[in-house]
Every structure is written in structure tokens, then in C-alpha cells.
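Naming convention: chains lettered A, B, ... in sequence-line order (proteins, then strands); numbering from 1 in each chain. Predicted, not measured: the structure shown is a model, and the values here were computed from it.
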Amino acid sequence: MPHRSIHWFRKGLRLHDNPALLAAMKDCEELHPIFILDPWFPRNMKVSVNRWRFLIEALKDLDENLKMINSRLFVVRGKPAEVFPQLFKKWKVTRLTFEVDTEPYSRQRDAEVGRIATEHNVEVIQKVSNTLYDVDRVIAENNGKPPLTYVRLQTVLASIGPPKRPCSAPTKENMKDCRTPWKGSYEEIYGIPTLEELGQDPTKLGPHLYPGGESEALRRLDLNMKRTAWVCNFKKPETEPNSLTPSTTVLSPYMKFGCLSTRTFYWRLAEIYHGKKHSSPPVSLHGQLLWREFFYTAGAGIPNFNKMEGNSVCVQVDWDENKDYLEAWREARTGYPFIDAIMTQLRTEGWIHHLARHAVACFLTRGDLWISWEEGQKVFEELLLDADWSLNAGNWQWLSASAFFHQFFRVYSPVAFGKKTDKNGDYIKKYLPILKKFPPEYIYEPWKSPRSVQERAGCIIGKDYPKPIVEHETVSKHNIQRMKAAYARRSGTSGEQAPKSPSNKKGVKRKAPSVADLFKKK
DNA sequence: TTCATGGTTGTTGGC
DNA sequence: CGCCAACAACCATGA
């Protein structure tokens, strides 16, 4: 008996390397590829108009690519648990396929849909294709816990072996005995939504720098992979956070939506590396894909991963509530041009370089404003085209020195960090044109300029552009002490009277133990 | 149990 | 410009 299948697209908005879609087409007489506009998402998270546009474009591209193999995409409106019983009956469905998604809401949603499918005698097939590895297997191989260091992850992955190779995209041949019926009413019922239908204001859109969709993803991948020397020499920490055009691939939004398969990317890189000298993880492009894997594994295996409380790996820090500071950060009004330029790029373009994320995340949390990383996480979740639940939560914990990274005394300077790669402040001038007439010596610290310079620049600090909301040199020192106290509480001692550790002399590598070390429990 | 090692991406100031 | 030490000092891992 041939099957009547639904393939449910959620992430994984692509035809290439989509094993669940192929499974839907096997021994199939009728295929319905669907995407569900699930009201849970807009209800539980803000999504910028830029990311809605990206999603709409990805769906349009998916529909076009499905048309090429004699199929279509059906966009269904409603809650999955309410939608599926109707679709199962209407289309006499016998099989449901989708890609494994390890985010908490997705797991709960998919478990419920799985139960409903079983009640309707619908077979469910799930395939791993969002991550390089089955993250549950990685956790199992590591004694049931996600690796907390990158090196540990590498060890575990080495024992598993290389990731699977991608499977090829379906062709008309796969659809030979299978049809996707759609009628005249298709557009009204299953058409791709507009921004207006989604309640979005198109006049708020930023520049159209990163169009959504699989076709654009593969084009962008090809473009980047042509630069073989660049690919082989790629070292992430040496790329620039404040170049006027991105210094990295900007494939992250395409990976977030699954327009590009991580495995396809991985094996393309492997081909290019083959027989050549090349950089290695963690700094190489392969290394970047492993970082994604690292945070996906952590997000899948650590309960309450996007929160501080109830999160077993997260240091409990007494963050301040400070609406004014938070708003100033979010709205690019901190008075630190480098920070404000980054936040402006984020809001308008939806993508900022990884190191730029470091700078603003450190500034919001442990560096300067002492505001919870959860607040920053929410802002990034709204504004980033590539906002991905596990990566966003994991990186915020990293940057706030709450988990994974613990050297909280390494603080980014909102002034010095950007100067390293952009002495003239061209990046600042691009995103904060009000400052464009300041000379390079004051562009990172315009408040230090004499009144005459401000007048000549046509920008009075405190009037046309804000004064710094905090004094970095003072607050960052104070905050390091607060971090030290938070860590000390974690290990069950008081951090207040920690002795000054002796200064290192040449050849003397280790320090005297701190009070926290001496009084560690057990 | 203890302890050495290393950790993708800090800053400043001296040579 | 590159390199290095000093700054103050954390954790996870593995031997």
C-alpha cells in the first residue's frame, strides 16, 4: 500500500540534505509538504520585521524549489496539535515526517504531535539533520552529560567518528509515482503569508542584505567556498568585528533556518581542506560548525538552559535590574560609540560579527552595566536574523562568564577593542553618522574632545550624542570584584576577604591558592 | 584526592 | 608592529 505523507518543515527549510523529506517521498502516492505558522512563536518571543522577511523569503524559495519537482508548500495557520487531526483526516494521511529539533518547546510539541499521529494511525519518521551529530548520542557517549568544554566535545566526537554525509536533494524522479494535489483555493488557504498578515510594518524593514532561502544559502556558500586560500587560512579570532562589509561568511542565518545544511557545509569544507594546509578547530570554519554543535548539545542536555535559575551550569549572579541602562544599551544610547554602532547595526541589519557580539554582551553584563544576560538574550533573540535558541543562550552565558568561560577578569574595553581593527572609526561613522566629523583621536571617546572640536563636528556631547552612561574604568574594576564574590558564593565561601595573590615572577607559573580554593567543600 | 594544565577571540605598558 | 609580562585569578578535565 503506497503512503500518503506529510513532510513538516520547521527548521530545515531546504530540499538538499533533507532525509526526512526523502523518507516522506518513499513509496508515496500523495505528498503534502507543509509549514505551520504556529502562534506559539510570536506569543513567546519578539521577532524583528527583518527576521519575518527572512522567513517569508525562505518559504517562498522552498515553494519554488518544490514546484520544480512537481510539488508545493502548504503554509498552514494554527496550533500544531489542533491542525494535525484535521489534516490527517482531510488528506487521509498515513505517514508524517520531520527533522529532529532538540529545543525544549519543539521537543514538547513534537511529542504531543507524535501522540496525536499515533491515535490517527499515522506513522511518524524523524531524522537528524539539523546538527552534525545526534546530540542525544553525544550526551550518551559522555556519560549522560553534555561536554562543558570544547576539547571534551572534540574527544567525544573523535570516538564517534566523522559526521554523516549529506543526502542529495529530491528530484522529479523521486516524485515519479507521487503527486501533490492543490486546487484553486490553495493561495487563500495555504499561501505564503505577507508581512501585513503577520502584523508587521514593512516600513520598519532594514536594508535587504541577506535575502532568505535555500537558493541564496547555496549561492552564498559557493561564493565563499571559491576563496579556497581564505577558507584554508580562516581563523575566527583574527577576523574583524567592525569591517564595513562582513569579514565572515554570514551563513549563520541560513543555518538557523536550515536553508543550509550544516553537514553540507562541513563536507564542502572537508573537500577544500583535503591535501592542503589548513587551520583547525576551534578557530577554523570546521571549528565554527563544532561550536554550533557544542551549544546545541548543551542546550539539549541542560535543563533551563536559557535561564540562570535552575540552570546547573550557570553561576548565580546578583545582576542589577536597571531599566534605564538596559534601554540605553538596546537603543544604542550608551555614549560609547563602538557599543552604540554595533547595536545600531544589529537593529537595522540583523547581523553583527561574533566579536561585536562579545563586546556588547560583555558591556551589558559583567563588564559595565551589570544587567542579567537573560535580558541581552531577549534582545538578540528579537533582532538577530540568526537567533538560534541554544547558541544564543550558550553564548550569553559564555560572555557573561556564567558558564563555559570563567576568566571574568578578562574584560573587553568599549574603547580599546574596536580600535585594534578600525583606528579611524569608519565603522562608527557608518552606523552613527552624527559622529562622522569627529577626528580619529576622539571618535571612540568623543566626550574627551574639547568643546571646539565638538562644535566643529556639529555634535555636542550630552546634547546631540549622549555622554557615557558609566565610567568603564571604574565600573569594570568593581564588577570584577562582584563576579569574584558570585563565584566564591558558588563554592561555598565568602569572596570578601580574598587575599591579594602574589605577583608572578618569571618562571613561577602557579599562584598561591585563594581562600575559595582553601575552603572548598570536601 | 590532589594538582597541573589549558582554556577560540582582554588590556595596558614596556621593549 | 610584534612580543611579552603583569594585572588578578576563574573552571573542567584528566593524570
Side-chain angles (χ1 to χ4, degrees), chain A residues 142-143 145-156 234-242 247-248 279-295 298 302 312-315 317 338 352-363 366-368 391 394-395 397-421 423 444 472-473 476-493 495 498-518 520-522:
Chain A
N142 193 46
N143 307 315
K145 287 175 293 184
L148 297 180
T149 65
Y150 192 87
V151 171
R152 182 65 206 151
L153 176 76
Q154 286 180 294
T155 306
V156 176
F234 185 92
K235 290 190 182 123
K236 184 62 164 283
E238 293 172 18
T239 59
E240 300 185 3
N242 45 7
S247 61
T248 51
S279 56
S280 298
V283 296
S284 63
L285 282 167
H286 257 178
Q288 305 314 301
L289 299 181
L290 293 186
W291 278 111
R292 180 176 183 273
E293 209 71 9
F294 178 76
F295 288 122
I302 298 163
S312 62
V313 302
C314 184
V315 180
V317 177
F338 183 56
I352 51 177
H353 186 276
H354 188 61
L355 292 177
R357 302 179 196 202
H358 279 218
V360 297
C362 183
F363 188 88
R366 66 189 170 86
D368 296 82
L391 278 58
N395 278 305
Q397 285 170 83
W398 184 291
L399 262 301
S400 61
S402 298
F404 311 114
F405 173 85
H406 304 280
Q407 289 155 288
F408 52 75
F409 39 88
R410 290 187 184 173
V411 179
Y412 289 89
S413 160
V415 171
F417 188 65
K419 277 186 188 172
K420 285 194 288 188
T421 46
K423 243 181 148 47
Y444 284 86
H472 174 72
E473 288 70 21
S476 61
K477 281 203 188 82
H478 178 61
N479 288 347
I480 286 174
Q481 293 310 308
R482 288 183 84 170
M483 281 308 283
K484 185 178 164 180
Y487 270 87
R489 282 194 294 276
R490 184 194 202 196
S491 50
T493 63
K500 254 189 125 174
S501 57
S503 60
N504 273 354
K505 285 179 186 145
K506 207 174 185 178
V508 180
K509 277 203 160 177
R510 299 311 302 178
K511 57 174 173 81
S514 70
V515 169
D517 291 326
L518 290 169
K520 221 165 240 172
K521 276 184 188 161
K522 275 213 93 177

* Asked: Do A/T239 and A/K236 touch side chain to side chain, with heavy atoms closer than 4.5 Å?
  -> yes
* Whole-Å distance between C/dA8 C1' and A/M483 CE? -> 14 Å
* Round to the nearest Å and state the distance from A/R490 atom CZ to C/dC11 atom P. => 6 Å
Atom pairs under 3.5 Å, N or O on each side, protein against nucleotides 11-15 of chain B: can you list them with distances?
unit_1: B/dT11; atom_1: OP1; unit_2: A/S413; atom_2: N; d: 2.7
unit_1: B/dT11; atom_1: OP2; unit_2: A/K420; atom_2: NZ; d: 3.4

* **Per A/H358 side chain, nearest of listed nucleotides C/dC10, B/dT9, B/dT8** => B/dT9
* Taking atom C1' in both B/dT1 and C/dA15, compute the distance separating them and give it to the nearest angstrom. => 12 Å
* **Watson-Crick or G-U wobble mate for C/dA6, both contacts under 3.5 Å** => B/dT11
* Asked: Does A/K484 have a side-chain nitrogen or oxygen under 4.0 Å from the phosphate oxygens OP1 or OP2 of C/dA9?
  -> yes
* In whole angstrom, give the distance that lies between atom CZ of A/F404 and atom P of C/dT13. => 11 Å
* **Gap in Å between the two P atoms, one belonging to C/dA5 and one to B/dG6, rounded** => 15 Å
* Contact class for A/E238 vs. all strands (heavy atom < 4.0 Å): base, sugar-phosphate, or nothing? -> nothing
* Which value, in whole Å, describes the distance between the P atoms of nucleotides C/dA9 and B/dG7? -> 22 Å
* **Gap in Å between the two P atoms, one belonging to B/dT12 and one to C/dC1, rounded** => 16 Å
* So, does A/R366 use its side chain to make a donor-acceptor pair with the main chain of A/L399 at under 3.5 Å? -> yes
* Quick one: label A/L148 by what it contacts on the DNA or RNA (base, sugar-phosphate, nothing), any heavy atom closer than 4.0 Å. => sugar-phosphate
* Which is it for A/T248 and A/F234 under the side-chain contact (heavy atoms from CB on, under 4.5 Å) test, yes or no, and what are the steps along the way? -> CA-CA 9 Å; A/T248 51; A/F234 185 92; 4.0 Å; yes
* Does the ring of A/F409 meet both stacking tests against the six-membered base ring of C/dC7: centre distance under 5.5 Å and plane angle under 30°? -> no
* Are the side chain of A/S402 and the backbone of A/C314 linked by a donor-acceptor contact shorter than 3.5 Å? -> no
* Asked: Quick one: which of C/dG14, C/dT13, C/dC10 gets closest to the side chain of A/T155?
  -> C/dG14
* Asked: Will you find, in the side chains of A/R152 and A/N142, an N or O donor that is under 3.5 Å from an N or O acceptor?
  -> yes
* Asked: For B/dT8, does OP1 or OP2 lie under 4.0 Å from any side-chain N or O of A/Q154?
  -> no
* Asked: Once you round it to whole Å, what is the distance between C1' of B/dT8 and CD of A/Q288?
  -> 7 Å
* To do: Take atom CH2 of A/W291 and atom P of B/dT9, then tell me their distance rounded to the nearest Å.
  => 8 Å
* Look at the side chain of A/W398 and decide which nucleotide, out of B/dT8, C/dT13, C/dA8, has an atom nearest to it. => B/dT8
* **Residue A/Q407, side-chain atoms from C-beta onward, closest of B/dT8, C/dC10, B/dT9** => C/dC10
Could you pull out all donor-acceptor pairs under 3.5 Å where a side-chain atom in residues 408-420 of chain A meets a protein atom, sequence neighbours excluded?
unit_1: A/Y412; atom_1: OH; unit_2: A/H358; atom_2: ND1; d: 2.8
unit_1: A/S413; atom_1: OG; unit_2: A/V415; atom_2: N; d: 3.1
unit_1: A/S413; atom_1: OG; unit_2: A/A416; atom_2: N; d: 2.8

* Starting from C1' on C/dC10, measure out to CZ on A/R482 and report it in whole angstrom. => 18 Å
* So how far is it from A/N479 CG to A/K484 NZ, rounded to the nearest 0.5 Å? -> 14.5 Å
* Asked: If we call it a pair only when both distances are under 3.5 Å in a Watson-Crick or G-U wobble match, what pairs with B/dT2?
  -> C/dA15
* Which nucleotide in the list B/dT8, C/dT13, C/dA8 gets nearest to the side chain of A/T149? -> C/dT13
* Asked: Which one, B/dG7, C/dA9, C/dT13, comes nearest to the side chain of A/V151?
  -> B/dG7
* Determine the interatomic distance between P on B/dT11 and the same-named atom on C/dC11; round to the nearest Å. => 22 Å
* Asked: Expressed in angstrom and rounded to an integer, what is the separation of A/L355 atom CG from B/dG10 atom C1'?
  -> 12 Å
* To do: Report yes if the side chains of A/Y487 and A/H406 come closer than 4.5 Å at any heavy-atom pair, otherwise no.
  => yes
* Drop me the distance from A/Q288's CD to A/L290's CG, to the nearest 0.5 angstrom. => 9.0 Å
* Do any side-chain nitrogens or oxygens of A/R410 fall under 4.0 Å of OP1 or OP2 in C/dC10? -> no
* Spacing of A/Y150 atom OH relative to B/dT9 atom P, expressed in whole Å -> 12 Å
